[in-house]
Amino acid sequence: MADNYDIVIAGGGPVGVALALALRGGAHRVALLEARSPGTGGGGDDARMIALSHGSRLILERLNAWQSLSDVTPIEHIAVSQQQRFGRVEISAAEAQVPALGYVVSYVALQRALAAALAGSGVEVMTGCVAREVEGGLNSATVIVDCGSVTRQLDARLIAIADGGDRLHLAHVEKRDYRQSALVCDVASEEPHQNRAFERFTRDGPLALLPTHRGWSLVWTARPARVGELAALDDVGFCTELRATFGAALGAFRVLGKRQVFPLVLRHARQSAAPRTVLIGNAAQTLHPVAGQGFNLGLRDAWELALAARDAHDPGNAVMLNAYFSQRRFDRNATILFTDTLIRLFSNDIPLLDGLRGVALAALSGIPPAKNFLVRRMLFGVHG
Ligand SMILES: Cc1cc2nc3c(=O)[nH]c(=O)nc-3n(C[C@H](O)[C@H](O)[C@H](O)COP(=O)(O)OP(=O)(O)OC[C@H]3O[C@@H](n4cnc5c(N)ncnc54)[C@H](O)[C@@H]3O)c2cc1C
């Protein structure tokens with residue numbers, strides 16, 4: 001026999017949990033399914049750090065998750081440059097008249113803070129439960145769930161798929177393989193970070209250093225073979241390569257943690273897989289981490305979906321979902337385009353583009369409206 005809910009969320013990553021939190025206290029009966037078992041902890045040993053925008057901070061505050069976030073490091077200054085080529089842009093919080101340009105937190109700490117806010121919220125959380133199959137219908141959608149050896153069927157007026165694009169391949173997905181991987185690792189440097197972040201474009205891919213409570217979070221993007229070589233180096237060899245690519249501005253580097261590799265693809269799916277279903281977060285779009293937009297965009301998906309569904313008499317009906325899809329279209333498409341263009345323009349070795357890249361950075365640096373546009377986008381997304 002099926003269990004009945006108003007809304008089922010398949011995937012308890014940061015976006016799925018944010019949606020559950022934004023729906024709490026409403027009239028709807030909500031269930032959240034998460035494949036990981038309770039003992040594995042939020043995010044497990046995921047080494048990635050997430051740069052949250054100012055807009056995300058405002059949403060997380062409303063979800064009561066910001067208050068318990070640990071080890072938050074504000075970004076007060078960002079320098080964007082190219083390796084061995086001209087063009088540089090510097091952005092400061094003071095110039096933008098905000099307390100910080102962004103905030104760096106670990107994926108694990110973010111998951112923990114969201115999970116803590118969810119406790120006692122009235123949302124039924126089922127961990128160790130894998131959504132195996134989803135089917136849309138006229139009046140309700142159905143999800144088949146494997147919880148250990150027990151298989152259950154849940155019916156809901158709306159099923160929100162927030163599985164990170166991992167397993168429930170429902171909708172048509174457009175993919176572009178960037179032929180790049182990201183190597184993520186915590187490092188320390190001789191020079192303190194002073195709340196600065198660096199983005200350095202190389203012909204292989206961008207290298208970012210984000211300030212953290214321990215030093216820096218390095219996100220080094222390059223061809224998969226090169227990333228494989230970097231991952232296999234000993235710590236001394238790795239730090240030598242890092243200094244050769246980043247430059248000497250921060251002095252010598254020291255490795256603080258293990259190196260983790262993430263393959264990078266652009267995936268964007270149709271927002272709806274079937275009637276009464278919706279894809280949000282990485283399930284809807286998986287972006288290159290170059291501009292730190294993925295979670296920030298997914299959080300806006302969750303927030304706007306909750307606003308549309310919370311007071312709807314029948315969440316998931318076609319009118320409500322179509323209004324949500326058109327409300328999200330511009331932000332989603334513009335963010336995908338912005339991220340993808342950065343990679344196309346800056347991560348290649350076409351000599352003709354060398355000049356264009358320098359001009360683009362010089363324009364951003366020298367033309368205040370262009371720079372303001374970039375800053376507002378970083379702070380708030382497309383509505384900035
Ligand atoms: C190296 C790197 C750096 C990044 N840096 C930034 C950054 O600075 N800023 C930023 O905004 N974004 C960044 N991102 C992107 C960000 O990590 C993602 O956008 C974000 O994690 C998406 O959250 P999500 O909840 O949609 O998906 P996920 O984080 O992938 O979570 C999906 C969840 O669903 C669960 N699940 C999967 N399948 C099922 C199933 N069938 N049934 C039940 N549960 C299931 C999984 O166990 C998981 O908990 C970065 C990404 C990478 C790779």
Side-chain angles (χ1 to χ4, degrees), residues 8-20 31-37 40-44 46-53 55-57 59-60 73 75 101-108 110-111 114-115 125-134 143-147 154 159-170 178 180-185 197 199 205-210 212 217-221 227 259-267 269 279-302 335 339 378 381:
V8 168
I9 304 163
V15 171
V17 179
L19 173 61
L32 175 75
L33 309 174
E34 169 52 41
R36 283 189 311 255
S37 306
T40 55
D46 198 310
R48 91 188 93 161
M49 303 293 285
I50 304 285
L52 298 171
S53 67
S56 290
R57 174 186 173 155
I59 295 178
L60 291 171
T73 307
I75 301 174
L101 293 167
Y103 303 88
V104 183
V105 298
S106 75
Y107 181 88
V108 174
L110 180 62
Q111 280 280 66
L114 287 162
V125 182
M126 303 177 199
T127 48
C129 288
V130 180
R132 177 166 33 98
E133 224 178 290
V134 173
V143 54
I144 307 293
V145 191
D146 294 326
C147 300
L154 311 182
I159 296 181
I161 297 162
D163 70 337
D166 261 5
R167 308 182 203 195
L168 289 166
H169 301 291
L170 290 173
Y178 285 116
Q180 289 182 350
S181 299
L183 183 151
V184 174
C185 178
E199 181 100 60
L207 182 158
L209 282 168
L210 301 173
T212 72
S217 169
L218 166 70
V219 185
W220 192 347
T221 310
V227 166
R259 288 165 239 165
Q260 227 171 50
V261 174
F262 296 83
L264 301 178
V265 279
L266 166 66
R267 302 173 56 258
L279 283 83
I280 58 170
N282 269 30
Q285 65 273 318
T286 305
L287 309 182
H288 194 292
V290 60
Q293 299 274 331
F295 172 69
N296 292 305
L297 179 63
L299 184 62
R300 299 198 290 276
D301 286 346
T335 308
T339 305
M378 279 168 21

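Count residues from 1 along the sequence. Note that ligands are numbered from 1 as they come in the structure, with each ligand's atoms numbered from 1 the same way.
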- Message: Distance under 4.0 Å to a non-hydrogen atom of Val15: what atoms of ligand 1 satisfy this?
- Response: 23 (O), 24 (P), 25 (O), 26 (O)

- Sub-4.0 Å atoms of ligand 1 with respect to non-hydrogen atoms of Gly281: 26 (O)

- Note on the structure: Check: of Phe295, Phe262, Trp220, min heavy-atom distance to atom 11 (O) of ligand 1 comes from Phe295

- Task: May I ask whether Ala162 has any heavy atom positioned less than 4.0 angstrom from an atom of ligand 1?
- Result: yes

- Non-hydrogen atoms of Val261 and Ser181 that approach each other most closely: CG1-CB, 3.9 Å

- Task: Within a distance under 4.0 Å of any heavy atom of Tyr107, pick out the atoms of ligand 1 and give their elements.
- Result: 21 (O), 28 (P), 29 (O), 31 (O)

- Ignoring hydrogens and geometry, is there a side-chain-to-backbone donor-acceptor pair from Gln285 to Gly281 under 3.5 Å? yes

- Atom indices of ligand 1, in the order listed, that fall short of 4.0 Å to a heavy atom of Leu33: 43 (C), 44 (N)

- Mind checking what makes side-chain contact (heavy atoms from CB on, under 4.5 Å) contact with Val125, not counting sequence neighbours? Leu32, Leu118, Val123, Thr127

- Task: Number the atoms of ligand 1 from 1 as they appear, then name those within less than 4.0 Å of a heavy atom of Cys129, with their elements.
- Result: 42 (N), 43 (C)

- Atom indices of ligand 1 within 4.0 angstrom of Val184 heavy atoms, with elements: 1 (C)

- Item | Under 4.0 Å to a heavy atom of Met49 - the qualifying atoms of ligand 1, by number | 5 (N), 8 (O)

- Numbering the atoms of ligand 1 from 1, which are under 4.0 Å from a heavy atom of Gly294? 10 (C), 11 (O), 12 (N), 19 (O)

